[in-house]
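Structure, as structure tokens:
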Amino acid sequence: ELKVEQNPLFLSMQEGKNYTIYCNYSTTSDRLYWYRQDPGKSLESLFVLLSNGAVKQEGRLMASLDTKARLSTLHITAAVHDLSATYFCAVYLETNAGKSTFGDGTTLTVKP
Amino acid sequence: DVKVTQSSRYLVKRTGEKVFLECVQDMDHENMFWYRQDPGLGLRLIYFSYDVKMKEKGDIPEGYSVSREKKERFSLILESASTNQTSMYLCASSVTVIRANVLTFGAGSRLTVL
């Protein structure tokens with residue numbers, strides 16, 4: 001059974017600081033997704049990582065994938081309040097009937 | 001933009017009632033999914049469908065059924081609602097593009113069962 005673990009689950013940080021969210025998964029996969037959920041809203045896609053070594057960046061967020069280590073990271077650079085949200089990683093497996101399995105989410109709060 | 005529309009944002013039902021949650025997508029996506037989201041438990045897949053009249057059980061199908069009579073519509077049915085089905089229900093759709101199956105989510109339906 002595929003397990004996806006995120007850490008930390010809760011993160012409070014000051015504006016301007018850097019931090020990394022980690023997503024570990026238990027079964028080999030070469031497709032990993034990051035989603036963002038604002039309070040009271042639904043999920044929106046942030047990044048799609050489709051190969052080992054893939055790196056995607058948008059604004060202050062950068063995601064990477066290491067399929068050998070079964071690890072993805074979401075790095076936040078110089079955080080701003082607008083980044084406060086819950087971030088989910090999801091792993092897709094063809095052998096899992098094409099389902100995506102989600103981590104529990106990391107709730108990020110950026111304080112002034 | 002793909003839109004996934006869930007018919008009800010908030011519902012309050014009584015134990016034992018039959019509940020229908022409707023989901024419609026407007027971009028001809030083959031794949032549709034129902035998740036529930038609970039604090040501390042993340043998103044859990046209830047049922048999904050890859051085509052009209054097809055359905056597959058997800059990780060927590062007990063107490064639920066689904067219907068997909070048309071490609072754009074995927075309904076989640078609670079035959080006899082129970083209090084432990086109080087949750088946020090999220091519908092999503094996807095299509096496979098260059099090996100990616102990015103999910104597009106609806107706004108969610110928050111169900112309270114009394």
Side-chain angles (χ1 to χ4, degrees), chain A residues 1-10 21 23-27 29-52 54 56 58 63 65 67 72 85-107, chain B residues 1-10 21 23 25 27 29-51 54-61 66 87-110:
Chain A
E1 180 188 347
L2 172 62
K3 293 192 186 302
V4 181
E5 293 185 354
Q6 284 182 241
N7 69 83
L9 297 183
F10 298 94
I21 299 170
C23 175
N24 292 273
Y25 53 97
S26 60
T27 304
S29 170
D30 60 0
R31 295 190 223 181
L32 190 136
Y33 306 85
W34 284 95
Y35 293 87
R36 168 180 171 148
Q37 185 177 36
D38 291 309
K41 301 278 183 71
S42 193
L43 282 77
E44 293 183 342
S45 174
L46 280 175
F47 299 111
V48 180
L49 302 168
L50 296 178
S51 61
N52 185 41
K56 294 281 183 72
E58 182 168 331
L65 178 61
T67 58
S72 179
T86 300
Y87 295 87
F88 292 90
C89 64
V91 178
Y92 177 93
L93 277 184
E94 292 278 7
T95 55
N96 197 24
K99 298 183 293 187
S100 290
T101 298
F102 283 77
D104 287 343
T106 297
T107 299
Chain B
D1 283 352
V2 177
K3 283 189 90 171
V4 178
T5 303
Q6 294 183 231
S7 55
S8 304
R9 289 298 309 274
Y10 301 95
L21 299 179
C23 175
Q25 50 93 4
M27 286 298 290
H29 281 184
E30 295 91 359
N31 313 317
M32 297 189 75
F33 306 81
W34 276 106
Y35 289 87
R36 65 177 282 177
Q37 183 177 22
D38 301 288
L41 295 175
L43 272 77
R44 293 179 291 167
L45 181 62
I46 305 170
Y47 267 97
F48 59 108
S49 168
Y50 289 136
D51 202 350
M54 291 186 65
K55 58 184 178 183
E56 299 282 346
K57 292 181 180 179
D59 300 315
I60 51 162
V66 290
S87 186
M88 170 68 86
Y89 290 88
L90 296 172
C91 176
S93 70
S94 74
V95 64
T96 302
V97 177
I98 317 175
R99 294 179 57 243
N101 292 63
V102 177
L103 295 170
T104 300
F105 285 86
S109 297
R110 184 167 293 282

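Note that the structure is a prediction, hence the values are computed from the model and not measured. First the proteins, then the strands, lettered A, B, ... as listed; each starts at 1.
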Checking B:L103 against chain A: side chain, backbone, both or neither under 4.5 Å from a heavy atom?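 Both backbone and side chain of B:L103 come within 4.5 Å of chain A.
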Heavy-atom contact with chain A under 4.5 Å, split by part of B:L43: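 Interface part for B:L43: both.
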A:S100 versus B:F48: any side-chain heavy-atom pair under 4.5 Å?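 Sidechains of B:F48 and A:S100: no contact.
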So do the side chains of A:Y35 and B:V102 get within less than 4.5 Å of each other, counting heavy atoms only?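 The answer is yes, as the side chains (C-beta and beyond) meet within the 4.5 Å cut-off.
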Is the count of non-hydrogen atoms from other residues, nucleotides or ligands lying under 6.0 Å from B:R44 atom CZ greater than 12?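 More than 12 heavy atoms, drawn from other residues, nucleotides or ligands, come within 6.0 Å of this atom.
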To the nearest 0.5 Å, what is the distance between CD on B:Q37 and CZ on A:F102?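 Interatomic distance, B:Q37 CD to A:F102 CZ, rounded to 0.5 Å: 9.5 Å.
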Quick check: does any side chain N or O of A:S42 sit under 3.5 Å from a backbone N or O of B:G106, one acting as donor and the other as acceptor?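 Such a contact is found between A:S42 side chain and B:G106 backbone.
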